Amino acid sequence: MPAKSARRFWLFKSEPEVFSIDDLARAPQQTTFWDGVRNYQARNTLRDDVQVGDGVLFYHSNAEPLAVVGTARVVRAGYPDHTAWDPKSEHPDPGSTPENPVWYMVDIALETRFESPVERVTLARTKGLEKMVLLQRGSRLSIQPVTPEQWRTVLKLAGVKELR
DNA sequence: GCCAACGTTGGC
DNA sequence: GCCAACGTTGGC
């Protein structure tokens with residue numbers, strides 16, 4: 001039996017025009033499946049690394065302002081993204097089937113919606129966040145690892161008390 | 001297996 | 001709207 005692994009932290013990007021933190025707040029049980037990831041590196045993270053209980057920074061990309069707008073908690077670990085074999089979905093992929101799923105997703109539940117979003121420009125000038133994947137030049141990864149220190153720093157910037 | 005062309009992401 | 005960075009595709 002493997003030892004219970006420590007809680008990990010992630011950053012999920014979403015374009016608010018497509019799915020915003022307000023959409024998550026309005027969803028049943030404030031929970032959603034995180035579908036539509038069509039990048040292999042991000043897929044591997046969702047399939048292999050993201051575990052129930054992990055913390056998620058919810059980031060608005062292609063938006064004004066660019067910002068971390070809240071946190072969510074993983075409530076279901078990686079499982080096949082069934083929207084891939086739905087031709088009517090936003091991200092169909094005929095290469096993925098129920099028998100041989102290619103793409104994966106997780107379920108997340110809203111934890112905290114920041115009263116004031118932590119803007120990207122703030123992150124960029126905050127000491128200790130230099131190594132954030134988000135801030136690396138050319139970074140396009142939509143599912144990114146966040147260190148415990150980075151997690152704490154962002155929550156502090158948001159004025160949120162430490163979450164368990 | 002290489003790599004040029006092309007498409008997408010996403011900040012600016 | 002621009003375009004740099006990156007991922008994918010497909011000819012060879």
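Values in this document were obtained by computation on a predicted structure and should not be read as measured data. Within every chain, numbering begins at 1; the chains are lettered A, B, ... in the order of the sequence lines, protein sequences first and strands thereafter.
- Remark: A:F58 pairs with A:W34, A:H60 by the ring pair (Phe, Tyr, Trp, His ring centres under 6.0 Å) rule, at least two apart or across chains.
- We find that A:D81 and A:R38 are joined by a salt bridge, their nearest charged nitrogen and carboxylate oxygen being less than 4.0 Å apart.
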side-chain contact (heavy atoms from CB on, under 4.5 Å) between A:V102 and A:Y40: does it pass, once the steps are laid out? CA-CA 9 Å; A:V102 175; A:Y40 285 103; 4.1 Å; yes

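- To the nearest 0.5 Å, the span separating CD1 on A:I108 from OG1 on A:T31 amounts to 8.5 Å.
- Taking the 5' to 3' direction, DNA chain B first and last meets chain A under 4.0 angstrom from a heavy atom at B:dG7 to B:dC12.
- For the 3.5 Å distance criterion, the side chains of A:Y104 and A:D48 fail to qualify, holding no donor opposite an acceptor.
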